[in-house]
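Within every chain, numbering begins at 1; the chains are lettered A, B, ... in the order of the sequence lines, protein sequences first and strands thereafter.
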Protein chains: 2
Amino acid sequence: MVIKCSDCPLQRKPLFKDLTEEEERFMFRFKAGELTVEPGTSLLMEGSNSPQLFTALRGMGLRYKTLPNGRRQVISFIFPGDFVGLQAGIMGEMSHSVEATTHMTLCVFNRADLWSLFKSHSHRAFDLTWLAATEEHFLGEALTSLGQRTAQQRVAWALTRIFRRGQALNMVKNGAMMLPYRQQDLADALGLSLVHTNKTLAKLRDRQLVGWSDGMLTVHDLKALAEVAEMELDDVRQRPLM
Amino acid sequence: MVIKCSDCPLQRKPLFKDLTEEEERFMFRFKAGELTVEPGTSLLMEGSNSPQLFTALRGMGLRYKTLPNGRRQVISFIFPGDFVGLQAGIMGEMSHSVEATTHMTLCVFNRADLWSLFKSHSHRAFDLTWLAATEEHFLGEALTSLGQRTAQQRVAWALTRIFRRGQALNMVKNGAMMLPYRQQDLADALGLSLVHTNKTLAKLRDRQLVGWSDGMLTVHDLKALAEVAEMELDDVRQRPLM
DNA sequence: CGCTAAATTGAGCCGAATCAAAAGTCGTGG
DNA sequence: CCACGACTTTTGATTCGGCTCAATTTAGCG
């Protein structure tokens, strides 16, 4: 049984802007169905021209690119509420792959309907562009991390960003949240080797800043962690939910 | 005297999609004026809420972010036809700074009019989103370069990307184009030190692949350069001009 | 219980950073 | 016309953060 947008559990999270009833109705018409996938499933492939767009409802995943030589760059981690497949939707081709890390449930939209969104729901079109601009913002930050931060700063940067997102999604209980990725995933996201990522995590653990084991991320001192990363801890902006 | 969009010299370059006459008229109404700046001028500042958006008409510049510790990450180089300030336009705040490297001329748009674009020119709104998605694509590639490529591959990657853009803009004459940046700018874009960037350029020069001196970039063997970078040499897509 | 995947730890090496200085380029003013 | 200063490029020497290689430990799981 497909969830109605008006009943969407994500809509209640502090991270998301409210939609008008009219918008909720439109989105529900826009919604083509729901998709449930197992861990490890590929949702979109680099170079593919998928007819579908998604919004992650439950579960986590990741976006990544692979080089000819086999190395992998994780572009970002996918959390509930993230919109996936805009590239294919707009440009006709994905520039990266998307894979489910956990069991996931996603809202499915038809790419063909995207145009009607621009045509007759300019407010939602604006929201979509907002999402794209926000992603651009994020990638600029990530680029800065890889280009200018040391290993320890990178790891600290990534974990505070993840943790803040977790907070905005009400995923944090007693200073801890689920984080079901492997160290290899984080390493590939930060341009570090697995071994060095592991050693760096150990150092942060020893400094009593964070813990991450058994898929649980515990942050003992977010402020201090952000300081290690030399990053601003500005508050998370509400975002539109597609 | 302000250039009419219908007379825009960029529109004739192979890089850009044609606009309908109606769109050209609309864009000209959208256009608030023209701006000319000297080398070194800041166009937008990180964190600022500028009321203006720009399209680069002539000249070159760069986007960058600075960390609290003073290090700088160059996000991208700005070429004629690039749209600047979308972040502030959409999200209300720039996440990076923009600076003119050479003398530049830019079309100026009012941020306040952006909404009318979404409201009544959905096709142009779509184009804007297309640009945002393309930028996202680019940043994903850049991220992959910093995360997974060696110094030599990064430099090769950046130079072939730049050169291809130059080709699409008809800036290449006899295998060479103007490239008025400093080595420090390239270093900051690639997350390398100035010294190592210089040595890496020297190696590529010795291998007879590229030359870059006196602000002129000469590519002797684009195919081979792309191979060094381990990148695909897919053709440049036509893009909308705002 | 053996098998496989993930996390951890140690040793040694190398790519790129830092430090330092020289050399080329260019505009300015005496 | 040349000397001076500011900036950029180039080259050499040295150091070090992070990589690779190689085991070992830990944690599910059929």
d([atom1], [X]; [atom2], [N]) in whole Å:
| X | N | atom1 | atom2 | result |
| --- | --- | --- | --- | --- |
| Arg149(A) | dA17(C) | CZ | C1' | 19 Å |
| Gln148(A) | dG18(D) | CD | C1' | 17 Å |
| His196(A) | dA16(C) | NE2 | C1' | 14 Å |
| Leu217(B) | dT9(D) | CG | P | 14 Å |
| Leu186(A) | dG18(D) | CG | C1' | 15 Å |
| Gln183(B) | dA16(C) | CD | P | 16 Å |
| Leu194(A) | dA5(C) | CG | P | 15 Å |

So, is Asn198(B) close to the dT9(D) phosphate, meaning a side-chain N or O under 4.0 Å from OP1 or OP2?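 It does not, given that no N or O in the side chain of Asn198(B) lies less than 4.0 Å from OP1 or OP2 of dT9(D).
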Has Arg205(A) got a side-chain N or O lying under 4.0 Å from the OP1 or OP2 atom of dT8(C)?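 For dT8(C), OP1/OP2 do have a side-chain N/O of Arg205(A) under 4.0 Å.
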Using the side-chain heavy atoms of [X], tell me which of these nucleotides is nearest: [options].
| X | options | value |
| --- | --- | --- |
| Val195(B) | dT18(C), dA16(C), dT20(D) | dT18(C) |
| Arg182(A) | dG18(D), dA16(C), dA7(C) | dA7(C) |
| Ala151(A) | dT20(D), dT11(D), dG18(D) | dG18(D) |

Relative to each other, are the rings of Phe109(A) and Phe83(A) parallel, tilted or perpendicular (30° and 60° limits)?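 It falls in the tilted class, 30° to 60°.
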Look for any protein N or O under 3.5 Å of an N or O in nucleotides 21-25 of chain C and output each such pair with its distance, or none.
none

Do Lys199(A) side-chain and dG10(C) base share a donor-acceptor contact under 3.5 Å?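 Present.
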Please test Arg161(B) against Glu141(B) for salt bridge (charged side-chain N to carboxylate O under 4.0 Å, His left out), starting from the C-alpha separation and ending with a verdict. CA-CA 11 Å; Arg161(B) 270 216 148 262; Glu141(B) 254 199 60; 2.9 Å; yes
Just checking [X]: base, sugar-phosphate only, or nothing, at a heavy-atom cut-off of under 4.0 Å?
| X | value |
| --- | --- |
| Leu201(A) | nothing |
| Thr150(A) | sugar-phosphate |
| Gly215(A) | nothing |

For Glu230(B) and Asn69(A), does a side-chain donor sit closer than 3.5 Å to a side-chain acceptor? yes
Looking at Asp206(B), I want to see if its CG is surrounded by more than 12 non-hydrogen atoms of other residues, nucleotides or ligands under 6.0 Å.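 Buried by this count: over 12 neighbours within 6.0 Å.
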